[in-house]
Amino acid sequence: MKGQGGPAPADYGAVESGENGKKGGIVTEEERAKQRAKPSWKDLPPLLLPWFLFGMVLLSTALVQGSTLCILALSASGLLSIGFLVFSRAPAWKVLSFVCMGVTAVGWGMGLYDEAKYLYPFHFYERSPSYLSVDLTSKPGSVGDAGFLRFQDGTHVDSTRGVGFVSGALWCAAPVVQNDSVTSASYWAVGKDCCRMRAWFNCGDAMNQSVRSGVVIRDASPILKGELPQYMAAARMAAETYGMNLPPDPVFIRWNDTPEANQAWYWNNAVSFVIYSLLVFLLLAPLFLLLLTCTGASLFGMEASERFHPEKLDLISFGFDWTPRAYPGYLRQDLLNNRSFWTGEIIEDYLFHAANRHVYLSCLLSHPAHPYKKWQRIIVAGVATVVSWSLVAAVSTWASSWMLRNVMMIFLCLTFRNALKLVFISYGVQTDSDQHVHHSATASDFSMNQLGLALLFILLAVSTCGASMALINANAKSSSGEAMSDSTDVFAYMYVLDFLVDLFTPYLGRDNNRSNTWAIGFFGRWVYERNEFESAKSQMQNQKFRWSSLGAEVFGVGSERKPGQKKKTPSPGPQEGQQYLVPHGTIEPTQGQAKKLG
């Protein structure tokens, strides 16, 4: 909107009402910067960013088998952190970038620790065979790969010849025998803190002589010192104490334990480690905010300048508007075009970009004024996930190659969801550039195109899932439930790949001179849009144009129909008696304004 001369004023957005709601009140940019510097909900998304990156790397490393997803998550988080550090402007954002880099490394290290301590043994026992009716006279090497042993009838633990070896804890061992007079033992029941120093052993209900099975203890972790050396020392002590022969490679058994319970123990501990780590690292947000407060710094307390654009910060919203908001008409088209540059601080801009683009996060966090509605995103995300999940499960059942499985999973995650999204946006998204006021509580209108596409997508998901189940059931190797359960990592791949691909997706467009331009990924597009936006803003201010007025757009200034232009369906204007939030104040239409503009 053009001004009447003079440089662009610093009272952007305060022309309708003052900060305190007083008509005609003017608030200076310095005062607004002080208001923005105060802790508020707008600080929450950037403060939670390190936690999200930490969680993505930790979960991908610790709980998903194989290194492919770990490499993808580590690459995405690392590249994002480096990009934030390079393009951040204010010191507080630079520090936040360093924190992101640090938690990425910590998340990777903690994930490797969790994987080595719990997931390696979990997968080892998952693949280890079980041996039944084992003869105690057989050599231990004959069951060297066993995960579970069940012995012949009459086998029991000789609790009277148990000992406890003290090494930090009390490590217990007692021979497994068929009669109490044997002088040699190749199989030993063991436990921790469940015996006395001599002649009393009760680990795993060893006193019950009807129990004759247990889980074989293995050091399956590649980096952590396991329990076997302690149990070996206890068995040697027992053999020397009671005059028994001990072979060089005895088998140690956790008595009365089952393979299912053993695997559940490792898995539950792995998940518990991740959950507790996430809860602890959630404290990073308040700690970083406390650091900013103590040092007098803030994320948004800078005054408007050529490098920081708080007028765009006022347009950013995550999820839902609990109070009716007024937005300029161009915002909807910018959101639909995946605009990358907004405030001038790349972390805030990326968070807003990801909230409107990510396959899962956008289902909840997309802008309330986005033409691509949340219910449409939920359908696309659900259908893409179900189709990818079922197809990967079917392929995994018939093809044993992990390379083929990973390639297909990455291909489906990258192409299928984007294809569905493109179809929905092309045929099912309604854009109305004349709509200036949006109500967060107002339900979206369904068109026949939208309803038809939604039903078509759901039918596609059901038919693909049914065909995949038929293929899985045709293969006798596993049931459909087991195959689907083994392919749940599709969710993690879709989540991580969406971040990584966004960093390399090429952007093709035109600049202000109508010349073709291109950029690579989010950072490339952000730099291009930053240069173009700040150059145009500087030129307008130098030519004594007023930069922007959200209030003018709300009340329809400049949106009159041009001669010869077809009449458009009137957009819902301001309603009498309603208050609408605009930057730094509110507007309340009078009866005359409501009749004129509604």
Side-chain angles (χ1 to χ4, degrees), residues 59-60 63-70 72 119-132 145-148 150 215 258-268 270-271 359-360 363 378-421 423-424 452-498:
L59 288 166
S60 301
L63 298 184
V64 179
Q65 186 178 12
S67 59
T68 303
L69 187 63
C70 169
L72 294 175
L119 263 295
Y120 275 39
F122 171 82
H123 293 300
F124 171 83
Y125 285 110
E126 188 178 39
R127 293 187 293 264
S128 297
S130 298
Y131 291 91
L132 308 179
D145 60 345
F148 176 78
R150 177 177 287 126
V215 171
T258 64
E260 295 77 15
N262 189 55
Q263 292 175 39
W265 185 88
Y266 281 112
W267 177 256
N268 292 337
V271 173
V359 57
Y360 294 132
C363 294
I378 291 173
I379 289 177
V380 169
V383 170
T385 301
V386 169
V387 170
S388 302
W389 186 16
S390 56
L391 288 178
V392 169
V395 170
S396 301
T397 304
W398 288 90
S400 58
S401 172
W402 67 269
M403 179 67 73
L404 176 62
R405 180 182 184 275
N406 286 345
V407 169
M408 181 177 181
M409 186 154 42
I410 293 173
F411 174 78
L412 288 172
C413 293
L414 294 182
T415 59
F416 192 71
R417 173 254 176 171
N418 290 327
L420 294 180
K421 177 182 176 181
V423 171
F424 223 130
L453 285 173
L455 293 176
L456 181 62
F457 286 176
I458 293 173
L459 179 62
L460 174 63
V462 172
S463 59
T464 305
C465 189
S468 299
M469 295 301 101
L471 286 174
I472 294 172
N473 292 329
N475 190 326
K477 291 182 180 179
S478 61
S479 65
S480 57
E482 292 174 345
M484 295 295 286
S485 176
D486 292 339
S487 299
T488 51
D489 54 348
V490 168
F491 295 89
Y493 272 88
M494 289 190 68
Y495 182 88
V496 172
L497 281 171
D498 221 43

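Remember, it's a predicted structure, so these values are computed and weren't measured experimentally. Residue numbers start at 1 and run along the sequence shown.
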From CA spacing to verdict: side chain to side chain contact (heavy atoms under 4.5 Å, CB included), Trp389, Phe491: CA-CA 8 Å; Trp389 186 16; Phe491 295 89; 3.8 Å; yes
query: What's the spacing between Phe122 CZ and Arg127 CZ if we round to 0.5 Å?
result: 10.0 Å
- request: Taking all heavy atoms of Val380 and all of Arg417, pick out the closest pair and write down the distance.
  value: CG1-O, 4.0 Å
- line: Distance col, row Gln263:CD vs His123:NE2, nearest 0.5 angstrom, shows 10.0 Å
- line: Heavy atoms of Ala483 and Thr397 approach each other most closely as CB-OG1, 3.7 Å
task: Test side chain to side chain contact (heavy atoms under 4.5 Å, CB included) on Leu69 and Asp489 and set out the steps.
output: CA-CA 9 Å; Leu69 187 63; Asp489 54 348; 5.5 Å; no
- prompt: For the side chain of Ser487 and the backbone of Met484, is there at least one donor-acceptor N/O pair under 3.5 Å apart?
  reply: no
statement: Minimal heavy-atom distance between Val387 and Leu460, with the atoms involved, is CG2-O, 4.4 Å
query: To the nearest 0.5 Å, what is the distance between CG (Leu391) and SG (Cys465)?
result: 9.0 Å
Heavy-atom pair with the smallest gap, counting every atom of Ala384 and Phe416: CA-CD2, 3.8 Å
- prompt: Do you know which two heavy atoms are closest between Pro259 and Ser130, and how far apart they sit?
  reply: CG-OG, 4.4 Å
- prompt: Closest heavy-atom contact between Ala146 and Ser128?
  reply: C-CB, 4.2 Å
- request: Measure the shortest side-chain to side-chain distance between Leu59 and Val64 over non-hydrogen atoms and say whether it is less than 4.5 angstrom.
  value: no
message: Measuring only between side-chain heavy atoms, which start at C-beta, is Leu412 closer than 4.5 Å to Tyr493?
response: no
- prompt: Sub-3.5 Å donor-acceptor pair from the side chain of Thr488 to the main-chain atoms of Ser485, do we have one?
  reply: yes
query: Would Val423 and Leu453 count as a side chain to side chain contact (heavy atoms under 4.5 Å, CB included) if you check the C-alpha gap in whole Å, the side-chain angles of each, and the deciding distance to 0.1 Å?
result: CA-CA 8 Å; Val423 171; Leu453 285 173; 3.9 Å; yes
Main-chain N/O of Thr385 paired to Ser388 side chain as donor or acceptor, under 3.5 Å: no
query: Looking at CD of Glu126 and CH2 of Trp267, how far apart are the two atoms once the value is rounded to the nearest 0.5 Å?
result: 9.5 Å
task: Indicate yes or no for a side-chain donor-acceptor contact from Ser67 to the backbone of Cys70 under 3.5 Å, with no hydrogens or angles considered.
output: no
